[in-house]
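All remarks here apply to the structure that follows.
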Amino acid sequence: MNKPTPLSGFPEFLPSQRTVEREVIATLSHTFELHGFGNIETRAVEPMDQLLRKGDTSKEVYVLRRLQEDDSNRDKGMGLHFDLTVPFARYVLENAGKLEFPFRRYQIQKVWRGERPQEGRFREFAQADIDIVGRDTLPFHHDVEVARVMLEALGRLTFLPGFTLQVNNRKLIQGFYAGLGAPDVEETMRLIDKLDKMPADEVGKLLVSEAGLSDEQAAKCLELATITATDDSFVEKVRALGVESELLEEGLSELATLITATAPLNTDSVRVVADLSIARGLDYYTGTVFETRLDGYESLGSICSGGRYDALASDGKTTYPGVGISLGVSRVLVPLVAKGVLDGDRKVPSTVLVAVADEESRAEADSAAQQLRAHNVACEVSPNAAKFGKQIRFAERRGIPYVLFATEGGYEIKDIRTGDQVPADPATWTPQNESDLKPQVVANNEEKK
């Protein structure tokens with residue numbers, strides 16, 4: 001095989017870096033399950049007509065096509081899923097008769113998106129989603145619950161930089177634009193969603209030229225988008241703009257409830273902010289919307305987003321409203337790992353290297369290793385019977401913290417980090433520090449700065 005050419009947008013981790021990803025996934029899964037979310041995994045492909053329901057995403061979809069088949073083959077109507085929401089909606093419809101509602105699921109899977117690779121954006125990446133779906137109705141308190149669960153999960157990832165969860169409500173902004181007399185509320189919302197990518201004055205010009213707003217109306221929309229608060233003080237700031245509508249008041253009430261309910265979860269590393277510039281461009285959101293920024297890495301854009309959708313899944317008789325939020329696992333981790341901010345402390349999972357005095361005693365070394373593994377101590381046997389100093393250096397290069405030696409009276413184990421060496425029975429020995437039993441995530445604080 002010739003030397004392979006790297007494919008842009010398809011990140012791969014080294015074993016020590018994979019430790020970071022596995023720890024994140026394990027922490028997220030544990031937190032989600034603590035809150036009663038069940039795990040599912042959906043197929044990688046969906047019919048193209050379902051994938052394109054969310055709007056103009058045809059350029060992002062990887063279409064499935066069998067080799068040596070003509071274009072009339074039915075496989076051309078399938079594509080790899082580019083998020084987990086569309087396959088989840090299909091999954092709910094197909095299995096509605098077997099599910100208990102409200103249905104609470106978490107899903108951590110790869111997705112594929114045919115966009116231009118850049119920092120934080122990939123063609124293949126992992127996402128972690130949680131959703132709560134009801135049958136016909138879903139009380140608002142589930143919006144609060146989803147936010148609280150994700151905040152708790154992010155808060156447990158203590159080796160990551162801090163997060164700011166920005167929250168808004170589509171009812172609030174739709175009601176404001178309608179009460180303002182905007183001729184095209186949806187287009188106004190789509191353009192406001194560009195504020196994180198374009199200067200406000202340029203967005204203002206687009207609101208006039210493309211959404212049909214007057215200069216005064218555009219100024220009011222931009223003023224609304226500047227309002228932020230960590231408590232419900234945003235309510236009076238919005239009312240001070242002099243716009244009234246029933247939908248606006250409903251959105252204000254819901255957002256104030258969510259901000260107040262999540263305030264106790266605010267810490268130095270995880271914060272919740274009402275940010276009225278957040279619109280989320282996808283048109284199926286109907287209420288609460290979330291976006292999240294990673295402290296110090298705001299250039300990545302939103303790394304955790306979602307919201308309320310009241311009509312994404314329906315079979316014509318029954319509607320399944322839901323609320324969910326999705327964390328871009330790869331979007332967060334790949335840049336941090338690439339910059340050396342995060343890594344694992346070992347290249348292998350082994351806690352112990354069993355030394356080999358000579359090839360004639362390899363069977364005894366294998367036996368000692370099996371005794372360690374019997375009580376869940378990961379280990380490997382030295383690949384050769386080199387001098388013990390070389391075997392210790394071999395362990396050091398791999399990040400293995402302990403080396404087990406056979407002696408005339410039994411065994412001794414050496415902590416090669418401290419130099420301490422004590423007698424040990426491989427049938428019962430475990431490290432004093434439980435963290436030594438598996439690789440640990442290491443954060444490079446200097447790189448963080």
Side-chain angles (χ1 to χ4, degrees), residues 11 13 17-46 50-51 54 80-113 122 124-135 138-139 141-160 163 165 265 270 288 290 292 303-309 312-313 320-334 349 376 438-439 441:
F13 287 139
Q17 298 167 341
R18 173 73 170 143
T19 294
V20 182
E21 185 178 45
R22 291 185 66 191
E23 182 63 23
V24 168
I25 291 173
T27 300
L28 294 172
S29 299
H30 177 66
T31 307
F32 299 156
E33 290 178 5
L34 284 176
H35 288 267
F37 287 77
N39 181 237
I40 68 167
E41 183 171 299
T42 55
R43 66 196 186 205
V45 300
E46 297 292 336
Q50 293 298 310
L51 289 172
K54 291 173 65 174
L80 295 173
H81 59 227
F82 58 85
D83 74 356
L84 299 179
T85 302
V86 170
F88 176 57
R90 187 266 310 157
Y91 179 93
V92 169
L93 290 176
E94 284 189 7
N95 295 283
K98 305 172 187 176
L99 301 176
E100 292 293 328
F101 293 93
F103 177 49
R104 309 150 67 82
R105 85 79 162 88
Y106 80 90
Q107 193 170 348
I108 302 176
Q109 271 185 254
K110 290 288 185 71
V111 300
W112 296 267
R113 193 168 295 179
F122 311 103
E124 179 183 66
F125 53 98
Q127 286 191 182
D129 286 25
I130 54 172
D131 286 83
I132 302 175
V133 173
R135 180 183 275 127
L138 185 72
H141 66 78
H142 290 297
D143 293 39
V144 177
E145 181 180 9
V146 163
R148 290 176 62 90
V149 172
M150 186 57 80
L151 284 168
E152 182 180 327
L154 295 177
R156 289 172 181 259
L157 300 174
T158 55
F159 47 81
L160 292 179
F163 298 87
L165 179 65
L265 294 177
V270 180
T288 303
F290 306 102
T292 310
I303 51 88
C304 180
S305 56
R308 161 72 71 137
Y309 46 91
L312 184 66
Y320 299 91
V323 60
I325 188 166
S326 173
L327 172 66
V329 175
S330 300
R331 190 166 193 170
V332 174
L333 294 187
V334 172
N376 297 317
K438 66 176 185 176
V441 176

Does D83 reach the side chain of R113, with side-chain heavy atoms less than 4.5 Å apart? yes
Go through the steps for N39 and Y106 under the test side-chain contact (heavy atoms from CB on, under 4.5 Å), then give the verdict. CA-CA 5 Å; N39 181 237; Y106 80 90; 3.3 Å; yes
Do E152 side-chain atoms and T31 backbone N/O form a donor-acceptor pair below 3.5 Å? no
Closest non-hydrogen contact found for V86 with Q50 is CG1-O, 3.6 Å
Please check if the side chain of H81 supplies one atom and the backbone of R43 the other of a donor-acceptor pair under 3.5 Å. yes
Heavy atoms, side chains only, cut-off 4.5 Å: are F290 and M150 in contact? no
Minimum heavy-atom separation for R331 to F122, with atom names? CA-CE1, 3.9 Å
Any side-chain heavy atom of I130 sitting closer than 4.5 Å to one from V146? yes
Which heavy atom of E124 sits nearest a heavy atom of K110, and at what distance? OE1-NZ, 4.0 Å
Of the non-hydrogen atoms in E21 and L333, which two are nearest, and what is the gap between them? CA-CD1, 3.6 Å
Would the number of heavy atoms belonging to other residues, nucleotides or ligands and lying under 6.0 Å from CZ of R135 be above 12? yes
What is the distance from atom CG of D131 to atom CZ of R104, rounded to the nearest 0.5 Å? 11.5 Å
Closest approach of A153 to F32 (non-hydrogen atoms, all atoms of both residues): CB-CE2, 3.9 Å
Tell me whether R308 contacts the main-chain N or O of T288 through its side chain, where contact means a donor paired with an acceptor under 3.5 Å. no
Just by distance, no angles: are the side chains of Q127 and S326 close enough, under 3.5 Å, to form a donor-acceptor pair? yes
Start with the C-alpha gap between L165 and I325, add the side-chain angles, then the distance that decides, and say whether side-chain contact (heavy atoms from CB on, under 4.5 Å) holds. CA-CA 11 Å; L165 179 65; I325 188 166; 4.1 Å; yes
Minimum side-chain heavy-atom gap R148-L265 below 4.5 Å: yes
Indicate yes or no for a side-chain donor-acceptor contact from T292 to the backbone of C304 under 3.5 Å, with no hydrogens or angles considered. yes
Testing the basics here: between D129 and L327, what is the closest heavy-atom pair and its distance to 0.1 Å? OD1-N, 4.5 Å
What's the spacing between F13 CZ and R22 CZ if we round to 0.5 Å? 13.0 Å
Step by step, would you call F103 with I40 a side-chain contact (heavy atoms from CB on, under 4.5 Å)? CA-CA 11 Å; F103 177 49; I40 68 167; 4.2 Å; yes
Please name the residue in the list L28, V24, L34 that meets the side-chain contact (heavy atoms from CB on, under 4.5 Å) test with R156. L34
For the residue pair Y91 and F88, does the interplanar ring angle fall in the parallel (under 30°), tilted (30 to 60°) or perpendicular (over 60°) class? parallel
Are L84 and R105 packed together at the side-chain level, in the sense that at least one heavy-atom pair is separated by less than 4.5 angstrom? yes
Between F101 and L138, does the side-chain contact (heavy atoms from CB on, under 4.5 Å) criterion hold? Intermediate values first, please. CA-CA 9 Å; F101 293 93; L138 185 72; over 6 Å; no
Do F125 and V329 have side chains that get closer than 4.5 Å, going by heavy atoms? no
